[in-house]
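Everything below concerns the one structure shown next.
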Amino acid sequence: VSAKPRKRPVEYSELVVMGATALILLGLIIWVAVASLTLHGAPCHNPPARLGQWPPWVIVTLCIAFFGLGHLAGYWREPGERATAGPAQRSGTWRRRAAAILQGALMAFLLLVVGLLAYETYALANVNIYWPITYYVRCANEFATLPTTAGAGVVCFLLGQWLWFPTRGE
Amino acid sequence: VFANVGITLLGVVVLIFLLAIVALDMWFELRRRRPLGELISTWSSRYPLFAAGLAAVFGAMVGHFFWP
């Protein structure tokens with residue numbers, strides 16, 4: 001007689017972290033949408049200034065700090081649920097399915113990066129017609145440093161939580 | 001030339017993509033399924049060099065955008 005598999009418990013700490021992240025992202029989306037709809041031209045220099053309202057080292061340090069915070073947030077999860085590289089931790093079917101999903105998502109992400117880099121290259125060669133992505137980011141940083149840094153910080157936090165997750169040995 | 005659609009695409013689309021992942025993460029957590037974040041974490045634990053490469057690419061982008 002095989003025992004019914006026990007459902008994994010809901011991790012409320014994870015929900016709180018992700019809920020707070022979702023709220024910040026939602027606030028940024030609304031702010032960007034409202035700001036971009038009300039703009040009637042570039043709110044910055046053309047080409048945008050390389051420096052925003054804050055020194056560059058402050059933004060880069062904050063990004064690194066948020067990346068580290070994402071790693072630390074991983075410790076709030078239940079130790080038994082932490083990600084592990086051990087092959088015996090998951091069933092073969094689950095691992096194969098997860099690997100297929102992730103490889104597909106990674107391929108799609110890298111294809112998106114290739115597309116964005118192609119646009120960046122084309123726009124740099126025709127900078128009088130199209131702005132490259134770099135210009136848009138620097139324009140946002142020049143016009144609104146705090147929301148731009150918040151957006152970069154949220155992305156760094158998520159990357160820190162997903163890519164630098166504590167393993168069972170830590 | 002600056003275009004509103006550019007800043008909208010850059011800001012809203014990228015942020016909505018992230019918000020969708022976070023929302024799915026929360027949904028799976030509430031349904032007691034393995035959240036997407038855990039799948040990514042497991043993948044990054046299995047392939048730390050790939051994960052470090054992705055983090056390095058993003059770090060290089062942050063440096064390129066914000067640190068002239």
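Reminder, nothing fancy here: chain letters follow the sequence lines and each chain counts from 1.
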Query - Residue list, ring pair (Phe, Tyr, Trp, His ring centres under 6.0 Å) with Tyr122(A), at least two apart or on another chain - result: Tyr130(A)

Query raised in the report: For Leu158(A), is it the side chain, the backbone, both, or neither that has a heavy atom closer than 4.5 Å to a heavy atom of chain B?
Result: side chain

**Report entry** side chain to side chain contact (heavy atoms under 4.5 Å, CB included) between Trp67(B) and Ile59(A), worked out
**Finding:** CA-CA 9 Å; Trp67(B) 201 328; Ile59(A) 301 172; over 6 Å; no

Report task. Pull out the residues in residues 143-150 of chain A that come under 4.5 Å of chain B, heavy atom to heavy atom, sorted by number. Result -> Thr148(A)

Requested in this report: Count the heavy atoms belonging to other residues, nucleotides or ligands that lie under 6.0 Å from CG of Leu111(A), then report whether that count exceeds 12.
Outcome: yes

Query raised in the report: Rounded to the nearest 0.5 Å, how far does CZ of Phe58(B) lie from SG of Cys156(A)?
Result: 4.5 Å

Query - Proximity breakdown for Leu15(A) and chain B, heavy-atom pairs closer than 4.5 Å - result: both

Report task. Find the distance between CD (Glu14(A)) and CD (Glu29(B)) and round it off to the nearest 0.5 Å. Result -> 5.5 Å

Query raised in the report: OH of Tyr119(A): more than 12 outside heavy atoms within 6.0 angstrom?
Result: yes

Query - Engaged part of Ile29(A) at the chain B interface, taking heavy atoms whose separation is under 4.5 Å - result: both

Query raised in the report: In the single-linkage hydrophobic clustering (I, L, V, M, F, W, Y; side-chain heavy atoms under 4.5 Å), do Val155(A) and Leu23(A) co-cluster?
Result: no

Query raised in the report: In terms of heavy-atom pairs under 4.5 Å with chain B, which of Thr21(A), Ile64(A), Leu25(A) leads?
Result: Leu25(A)

Query raised in the report: Val127(A), Ile129(A): one ILVMFWY side-chain cluster at the under-4.5 Å cut-off?
Result: yes

Query raised in the report: Step by step, would you call Met61(B) with Val137(A) a side chain to side chain contact (heavy atoms under 4.5 Å, CB included)?
Result: CA-CA 11 Å; Met61(B) 282 168 57; Val137(A) 176; over 6 Å; no

Report task. Say whether Val16(A) and Phe66(A) are linked into one hydrophobic cluster, either directly or through other cluster members, by side-chain heavy-atom distances under 4.5 angstrom. Result -> no

Report task. Assess whether side chain to side chain contact (heavy atoms under 4.5 Å, CB included) is satisfied between Phe66(B) and Val58(A), documenting all intermediate values. Result -> CA-CA 10 Å; Phe66(B) 298 112; Val58(A) 172; over 6 Å; no

Query raised in the report: What are the residues of residues 15-22 of chain B, in order of number, with any heavy atom under 4.5 angstrom from a heavy atom of chain A?
Result: Leu15(B), Ile16(B), Leu18(B), Leu19(B), Ile21(B), Val22(B)

Query - Those residues that, when tested against Tyr135(A), pass ring pair (Phe, Tyr, Trp, His ring centres under 6.0 Å) (two or more places apart) - result: Trp131(A)

Query raised in the report: Under a 4.5 Å heavy-atom cut-off, does chain B meet the side chain of Trp54(A), its backbone, both or neither?
Result: neither

Query raised in the report: Which bit of Ala55(B) comes within less than 4.5 Å of chain A, counting heavy atoms only: side chain, backbone, both or neither?
Result: both

Requested in this report: Between chain B and each of Val60(A), Ile24(A), Leu51(A), count heavy-atom pairs under 4.5 Å; write down the option with the most.
Outcome: Val60(A)

Query raised in the report: For His64(B), does its backbone N or O pair with a side-chain atom of Thr134(A) as donor and acceptor, under 3.5 Å?
Result: no

Query raised in the report: Does Ile30(A) belong to the same Ile/Leu/Val/Met/Phe/Trp/Tyr cluster as Val14(B), with side-chain heavy atoms less than 4.5 Å apart forming each link?
Result: no

**Report entry** Contacting moiety of Phe67(A), where chain B heavy atoms sit under 4.5 Å
**Finding:** side chain

Query raised in the report: Taking a hydrophobic cluster as the set of Ile, Leu, Val, Met, Phe, Trp and Tyr residues connected by side-chain heavy atoms closer than 4.5 Å, whether directly or through intermediates, do Val34(A) and Leu26(A) fall within one such cluster?
Result: yes

